[in-house]
Amino acid sequence: MSAVVQSIDVNPADEPEQTDGFNLIIDALKLNDLNTIYGVPGIPITDFGRMAQAAGIRVLSFRHEQNAGYAASIAGFLTRKPGICLTVSAPGFLNGLTALAHATTNCFPMILISGSSEREIVDLQQGDYEEMDQLAIAKPLCKAAFRVLHAADIGIGLARAIRAAVSGRPGGVYLDLPAKLFGQVMDAEAGRRSLVKVIDAAPAQIPAPDAVKRALAVLRSAKRPLIILGKGAAYAQADDAVRSLIEKSGIPFLPMSMAKGLLPDTHPQCAGAARSTVLKDSDVVMLIGARLNWLLSHGKGKTWGEAAKKFIQIDIEPKEMDSNVEIVAPVVGDIGSCVAALLEGMDGNWTAPPSDWTGAVTRKREENVAKMAPRLMNNNSPMDYHGALGVLRTVIKERPDAILVNEGANTLDLARGIIDMYQPRKRLDVGTWGIMGIGMGYAIAAAIETGKPVLAVEGDSAFGFSGMEVETICRYKLPVCIVVFNNDGIYRGTDVNSAGSDPAPTVFVKGARYDKMIEAFGGVGVNATSPDELKRAVNAAMDSGQPTLINAVLDPAAGSESGRIGNLNPQSKLKKK
Ligand code: ADP
Ligand code: TPW
Ligand code: MG
């Protein structure tokens with residue numbers, strides 16, 4: 001009898017240590033320096049969130065997955081590491097998917113990790129809790145999609161996801177983790193060995209010397225050269241090299257929206273305030289991390305003028321070349337390496353562009369700046385866009401390290417033109433899709449990832465897409481100041497329905513008080529009816545770092561339909577009888 005008793009009486013210390021899916025995912029994330037998760041809890045990831053937090057990962061719990069996803073996407077842009085979004089099955093996954101597609105479209109590295117239901121049941125379509133074939137649905141909407149079925153594959157699964165997200169052209173990656181995986185147990189030592197620390201996740205891609213030579217030859221032949229900086233250049237974090245290239249070349253540069261501040265908008269070579277002139281009159285255009293998509297009128301047509309144009313393009317994605325017009329000098333590689341190679345080729349052998357061109361650009365720019373100046377100083381009440389933005393322009397000038405988040409139509413287009421940026425990656429906005437709803441997710445991630453104060457300038461419609469996250473901002477006590485440009489609606493608050501008593505589709509409740517929303521959660525709410533009031537309130541918020549929402553009362557008639565892109569807005573010629 002005693003022999004039998006001895007055989008089952010094992011000392012727990014002798015048993016091999018065990019780990020499970022939960023712990024392996026956490027260990028794999030930490031091993032790869034992925035220390036922040038944006039998400040919404042629920043089955044099957046509730047316990048995972050708790051355990052990750054206990055293990056020292058920052059877990060930010062949102063009110064809607066789409067906002068968590070946007071947060072992860074912009075974290076990717078700001079840090080060059082994939083932003084992590086964590087969602088529950090089916091509906092949570094779908095809510096996060098918009099943000100994953102957005103990340104891919106904008107070339108931001110992001111990983112959407114979603115719990116999913118049991119394969120055996122999903123594949124037989126037997127109606128599991130929140131059943132959905134998530135992997136199949138995610139695939140066409142992101143750069144890559146993977147599923148991990150065995151705890152021993154977690155390390156490899158995450159490594160593949162990281163590499164897919166950040167190497168080459170960055171983008172969104174989906175990682176499917178079925179519920180059963182989390183609880184799967186395995187030997188801890190084998191588990192540790194299965195983890196992968198990704199080495200050199202985004203390897204340098206050196207441009208071919210011939211491509212660099214060709215580009216320099218075209219650039220040298222230019223009489224009216226222009227450099228366009230896109231958000232790919234901001235993402236690359238090759239700030240010093242880009243600045244040297246611009247300054248050494250003497251070529252005027254035009255920053256795309258999120259490339260503003262890579263060099264200050266007040267830099268003598270900045271052609272931001274002479275945009276139409278430089279696009280029309282330039283003869284050679286070098287694109288650095290910018291696509292010739294709709295935001296640049298596809299490189300052709302009226303915007304670009306009559307004269308023949310030659311394009312040089314620097315991009316990590318070879319397939320981007322000739323996407324819209326012929327690229328006479330494609331330079332494929334990462335921006336840091338490409339710009340360094342161009343600088344080397346220019347060394348001791350460069351003549352500045354003709355001064356009649358640079359002089360003409362400077363004159364146009366000064367003319368436009370002078371034209372705008374008096375409008376920015378008005379103190380009208382209710383405010384117009386220029387009066388309100390004149391104030392915010394000064395706020396950013398005085399606090400150049402603050403991050404500006406911006407969405408809306410008029411609120412977006414006018415703020416982009418009016419608010420000068422002074423430092424790289426400080427302007428975050430609607431990006432390639434012109435998407436509404438990025439506001440609060442971006443503001444939260446910007447505060448978390450950089451520790452800097454955030455100013456979110458939001459159209460009242462735009463704000464509504466993510467407004468519930470003011471609770472999240474208050475809960476985590478983030479230094480975010482939200483200014484809602486309240487013009488009672490989408491574009492304008494003046495539409496009327498001539499056919500019935502329902503409000504017109506573009507208008508909201510008149511005189512709404514968005515400032516009251518944040519007060520519900522302990523934040524500071526202010527109603528500002530003049531530029532002076534707005535200025536006081538924003539400065540107080542930026543000084544205190546307290547979550548603040550300022551309802552900026554704008555004239556409902558101040559905006560125009562679709563802001564600056566009314567040309568893309570089809571209108572019926574028949575409808576108005
Ligand atoms: P914008 O909207 O500012 O014009 P886009 O999003 O259209 O900018 O273009 C960004 C481009 O930058 C993409 O074509 C992308 O492939 C490229 N890109 C992103 N990161 C890098 C990098 N590190 N090196 C080179 N190109 C990059
Ligand atoms: C996800 C369409 C573009 S701009 C806009 C909408 C609804 C709101 C404009 O009004 P806002 O700004 O924010 O009050 P302002 O200053 O002009 O009054 N759904 C998504 N994305 C887009 N772009 C839309 C709808 C849209
Ligand atoms: Mg509005």
Side-chain angles (χ1 to χ4, degrees), residues 66 70 76-77 80 98 102 104-109 166-171 202-205 207 228-238 242 254-260 262 287-296 313-321 323 331-339 385 388-389 406-415 427 429-439 457-466 484-494 505-508 512 514 552 554-556 558-566 568-569:
Q66 193 175 96
Y70 290 145
F77 170 76
R80 308 188 79 208
T98 310
H102 161 81
T104 308
T105 299
N106 283 275
C107 317
F108 300 159
V166 299
S167 62
R169 170 183 278 175
Q205 297 195 20
I228 297 182
L229 300 173
K231 61 179 169 308
Y235 171 79
Q237 297 196 16
V242 169
L254 181 67
M256 299 300 287
S257 200
M258 282 176 57
K260 275 164 69 83
L262 206 43
L287 300 153
I288 307 184
R291 287 170 285 187
L292 277 177
N293 56 16
W294 70 280
L295 286 157
L296 284 169
Q313 184 160 24
I314 300 181
D315 205 290
I316 203 156
E317 176 58 68
K319 292 199 298 290
E320 187 56 39
M321 307 298 159
S323 60
V331 184
V332 175
D334 74 273
I335 285 166
S337 305
C338 293
V339 170
Y385 286 92
L389 288 167
N406 189 200
E407 60 177 338
N410 295 279
T411 305
L412 174 87
D413 292 341
L414 292 166
R427 186 185 155 83
D429 68 23
V430 299
T432 304
W433 269 344
I435 207 163
M436 296 298 115
I438 48 91
V457 179
E458 302 273 315
D460 52 341
S461 165
F463 172 69
F465 286 75
S466 67
V484 175
F485 274 35
N486 187 357
N487 64 348
D488 293 349
I490 299 174
Y491 313 133
R492 297 163 72 85
T494 50
T506 57
V507 302
F508 298 150
Y514 291 95
L554 256 73
D555 178 354
S560 54
E561 177 130 331
S562 305
R564 286 273 166 89
I565 53 171
L568 301 178
N569 188 29

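Whatever order the structure lists them in is the order used to number ligands and atoms, beginning at 1.
Protein heavy atom closest to atom 20 (N) of ligand 1, with residue, atom name and distance, is Y235 CD2, 3.6 Å. Protein heavy atom nearest atom 4 (O) of ligand 1, with residue, atom name and distance: M256 CG, 3.4 Å. Nearest non-hydrogen protein atom to atom 24 (N) of ligand 1 is I335 N, 3.0 Å. The protein atom (non-hydrogen) at minimum distance from atom 26 (N) of ligand 1 is I316 N, 3.1 Å. Of all protein heavy atoms, the one lying nearest to atom 10 (C) of ligand 1 is G289 O, 3.1 Å. In this structure, the protein non-hydrogen atom closest to atom 7 (O) of ligand 1 is R291 NE, 2.8 Å. When only non-hydrogen protein atoms are considered, atom 19 (C) of ligand 1 lies nearest to G232 CA, 3.8 Å. Nearest protein neighbour of atom 13 (C) of ligand 1, counting heavy atoms only, is D315 OD2, 3.3 Å.
Proximity of A290 to ligand 1, defined as any heavy-atom pair under 4.0 Å, is shared by backbone and side chain alike. Here N293 has side-chain heavy atoms under 4.0 Å from ligand 1, and that is the only part of it that gets that close. For K231, heavy-atom contacts with ligand 1 shorter than 4.0 Å involve the backbone as well as the side chain.
Remark: ligand 1 and A236 share no N or O pair separated by less than 3.5 Å (distance only, no angle test). The distance criterion of under 3.5 Å between nitrogen or oxygen atoms is not met by D334 with respect to ligand 1. Here's the thing with L295: none of its N/O atoms is less than 3.5 angstrom from an N/O atom of ligand 1.
Between R169 and E320 there is a salt bridge, with a side-chain nitrogen of the basic residue lying less than 4.0 Å from a carboxylate oxygen of the acidic one.
Nearest approach of V331 to C338, heavy atoms of both residues: CG1-SG, 3.7 Å. What you find for G437 and E407 is that their closest heavy atoms are N-OE1, 2.7 Å. Closest of all the heavy-atom pairs between A290 and M256 is CB-CG, 4.2 Å.
One finds the OG atom of S560 at 7.5 Å from the CZ atom of R492 (value rounded to the nearest 0.5 Å). From I228, atom CD1 reaches atom CD1 of I314 across 12.5 Å, with rounding to the nearest 0.5 Å. To the nearest 0.5 Å, atoms CH2 (W294) and CG (L568) are separated by 6.5 Å. To the nearest 0.5 Å, the span separating OH on Y385 from CG on N410 amounts to 4.0 Å. For the atom pair CD1 of I316 and OH of Y235, the computed distance is 8.5 Å after rounding to the nearest 0.5 Å. Here I490 contributes atom CD1 and E561 contributes atom CD; the two are 10.0 Å apart, rounded to the nearest 0.5 Å.
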N/O to N/O under 3.5 Å, ligand 2 against protein:
residue  : atom   : partner : partner atom : Å
ligand 2 : 12 (O) : A409    : N            : 3.2
ligand 2 : 13 (O) : A462    : N            : 2.9
ligand 2 : 14 (O) : D460    : N            : 3.2
ligand 2 : 14 (O) : D460    : OD1          : 2.5
ligand 2 : 14 (O) : S461    : N            : 3.0
ligand 2 : 14 (O) : G489    : O            : 3.0
ligand 2 : 16 (O) : Y385    : OH           : 2.6
ligand 2 : 16 (O) : T411    : N            : 3.2
ligand 2 : 16 (O) : T411    : OG1          : 2.6
ligand 2 : 17 (O) : N410    : N            : 2.8
ligand 2 : 17 (O) : N410    : ND2          : 2.9
ligand 2 : 18 (O) : N487    : OD1          : 3.2
ligand 2 : 18 (O) : N487    : ND2          : 2.9
ligand 2 : 18 (O) : G489    : O            : 3.1
ligand 2 : 18 (O) : Y491    : N            : 3.1
ligand 2 : 21 (N) : M436    : N            : 3.1
ligand 2 : 23 (N) : G434    : O            : 2.8

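Scored by the side-chain hydrogen bond (donor to acceptor under 3.5 Å, both in side chains) test, D429 finds S257, R427 as partners (sequence neighbours excluded).
Using a cut-off of 2.8 Å, one finds that D460 contributes an N/O/S atom close to the Mg ion (ligand 3).
Here the angle at the Mg ion (ligand 3) defined by O in G489 and OD1 in N487 stands at 90°, rounded to 10 degrees.
Checked by atom type and distance alone, the side chain of Q66 never pairs as donor or acceptor with a backbone atom of T98 at under 3.5 Å. In terms of modelled atom types and a separation under 3.5 Å, the side chain of N487 and the main chain of L554 share no donor-acceptor contact. Judged by distance alone, the side chain of N486 and the main-chain N or O of D460 form no donor-acceptor pair under 3.5 Å. With hydrogens and angles ignored, the 3.5 Å screen pairs no side-chain donor or acceptor of D334 with any backbone N or O of A204.
Interface of R169 with ligand 1, defined as ligand atoms under 4.0 Å from a residue heavy atom, comprises 13 (C), 14 (O), 15 (C), 16 (O). Short contacts between ligand 1 and C107, defined as distances under 4.0 Å to a heavy atom of the residue, involve ligand atoms 13 (C), 15 (C). Atoms of ligand 1 lying under 4.0 Å from any heavy atom of G230, numbered from 1 in the order shown and given with element: 3 (O).
Contact between G333 and ligand 1 is present, with at least one heavy atom of the residue lying under 4.0 Å from the ligand.
Between H102 and F108, the ring-plane angle classifies as perpendicular under the 30° and 60° cut-offs.
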